[in-house]
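Pasting a structure below so you can have a look.
We number each residue from 1, following the sequence as shown. Bear in mind the structure is a predicted one, so any value in this text is a computation, not a measurement.
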Amino acid sequence: MHIIKKINKNSFIYFLIFVSFLFVGLNSFKDYGVSIDEHFHLTSGKHYYSFFKGLFSNNSEFLTLGELKESFKEHYFKDPAIFDFSTAVLADILNIQDIKDIYHFRHLLIFLIFLLGSFYFYLILRKRFKSNIIIILGLLFFFLSPRIFANSFYNNKDLIFLSISCIFFYYSIKFFEKPLLGNAIIFAIVTSLAFDIRIMAIIYIFSFYLMLVFHYFDDKNFLIHKYKNFLIALILTIFFIYLFWPYLWIDPINNLIDYFLVIKDQTPPMQNLYLGSYIVSGSLPWHYEIIWILLTSPLTIIIFFVIGYLLQSVNIFNNFMNVDKKNHKFWSNKKKFIDFYLFFAFTLTFLIKIKFGINYGGWRQIYYLYPLIIIFGLCGFEYLISLIKKKILINFLFIIFFSELIFLSLWNYKNHPYQFVYFNPIFKTVTKNNFDLDYWGISNKSVLEKIFLINEKKSFKVTTISFTNLNDSLRILDPNQREKVTVVYDLNQADYVIDNHMKKWSSTPGEEILKKDFNIVYNLIIDGNIINTVYKRNL
């Protein structure tokens, strides 16, 4: 009876946590602006949906096969578009017409996918850790990390992949434990979705099949009896990859090869403010993403991640050093398998990304590693408290963890909806004026709304002197506001100028008159940093 009550109590706590997450999300998804990339993704979804509808209709307004092939000259129509296509379908079914409502709908879906990913992250934590308080810590750090939280509403690539990665790891572990046909099918679907969102998932997939090889050395009968379901999973994965990726429908082999050949070359060069200097994306140093992770992740997680990762490194090194011993096993239980698997997935991904990846915009392109960073951090914490004998010291460590969670909660609330510019307070003096802030122009939405107040809700012309597209932000304003705003591309024609402090390659026409003909009327300051500035023409 006592055990049942304890289970019910724990289940209620987790239920309360997820309901709280949902409540926060439902009250926040309309607050964020639009990223530079989002309109391309929205257009891509509509593009493929138009072709899909044309397969079942003779209506000339839908995209034809010839037009679809012609569109592939634009590289962004080659990208996987499963989320964008699905969103376009749902928006049509629900009859969502206005562009602002479509963006809000997309932001809601991104958050709900993140919430689903959070649930699967919780399931992974349950498989790895026995302590409910450690699981709760991991779950809260996952949700409350400011940059991850903000991106969970508008980042329709990196945060969706982070979420799908959590689902992938859960079902890959489940499939490994129980290689049944049903698990093989689910694993194949999730694996293909992960690959079709970001091809870096191929490293995760490789890591999984590498575990099968290691397990074969431990138990030769394992694959002999179970190889059929693993083979089915591999075949179905390839099938679903093609099914969920419209670009591959037309020419399955050549288009896949073409995508791998052009993906790196088609990435536009970006100027990145890093350690006080502007550096082109292709020339950034190897430590770029490491420094970004250090500066923008919860400090306690980073400290214990170092402990946990070093611990796993030593354990796995010793494991390989003993591989020739008679009764050697790569892992002896589920917990050690998970550690072994996640260590290889993390290490291979990180090393390959540093060596071959294109870096820009902070570390958002490897946000999907954040769940693994938390898990290794919790491993380090678990190991440390196992060494401590005094309960008062263990309680002190828990107080440190929960103190940072309280700080993150308050910081998120105070600086909503600008959590995307969070830096660890301990590094404030280092980060000020030395790193990019609003590189996606998310704050432009709220700045345009501020101009309406300054301009007494009258019509105005506006331009920008930074790397951003004001038309993107204009689309998420109320219709009655949109019709009063004209975006121009020359300061000589503008009433207001917006600067989100992201350097672009060429100056805006008329920029030389900025200091003479315009004055600063508003600075958006978050945590001591100016992330956006509004200039108004002198009367």
* **Tyr341 side chain to Ser172 side chain, donor-acceptor N/O pair below 3.5 angstrom** =>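 Looking only at side-chain atoms, Ser172 and Tyr341 do form a donor-acceptor pair, the distance falling under 3.5 Å.
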* When Tyr274 is tested against each of Tyr439, Tyr288, Tyr360 for ring pair (Phe, Tyr, Trp, His ring centres under 6.0 Å), which residue passes? ->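 Looking at Tyr439, Tyr288, Tyr360, the match for Tyr274 under the ring pair (Phe, Tyr, Trp, His ring centres under 6.0 Å) is Tyr288.
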* Are Arg537 and Asp495 close enough, and set up right, to give a salt bridge (charged side-chain N to carboxylate O under 4.0 Å, His left out), and what steps lead you there? -> CA-CA 5 Å; Arg537 181 179 290 277; Asp495 302 310; 5.0 Å; no
* Please determine, by modelled atom types, if Asn444 and Thr468 share a side-chain donor-acceptor pair under 3.5 angstrom. =>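 Judged by distance alone, the side chains do pair up.
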* May I ask you to check whether Phe518 and Tyr496 place their ring centers less than 6.0 Å from one another? =>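 Not under 6.0 Å, so no.
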* Aromatic centroids of Tyr368 and Phe161 separated by under 6.0 Å ->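 Here the rings of Tyr368 and Phe161 have centres that are less than 6.0 Å from each other.
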* Does the side chain of Phe83 come within less than 4.5 Å of Arg106's, by heavy atoms? ->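 Heavy-atom side-chain distance check passes, below 4.5 Å.
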* Pick one: which of Lys46, Lys157, His47, His41 meets side chain to side chain donor-acceptor pair (under 3.5 Å) with Asp84? ->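 Only one option passes, and that is His41.
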* To do: Take the angle between the ring planes of Phe452 and Phe460 and call it parallel below 30°, perpendicular above 60°, tilted in between.
  =>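 Rings of Phe452 and Phe460: perpendicular, as their planes differ by over 60°.
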* Parallel under 30°, tilted from 30 to 60°, perpendicular over 60°: which one fits the rings of Phe187 and Tyr209? ->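 Rings of Phe187 and Tyr209: perpendicular, as their planes differ by over 60°.
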* Determine the interplanar angle of the Trp363 and Tyr367 rings, folded into 0 to 90°, and report it as parallel if under 30°, tilted if 30 to 60°, perpendicular if over 60°. =>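 Trp363 and Tyr367: perpendicular rings.
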* Aromatic ring proximity, centroids under 6.0 angstrom, Phe142 and Phe149 ->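 That pair fails the under 6.0 Å test.
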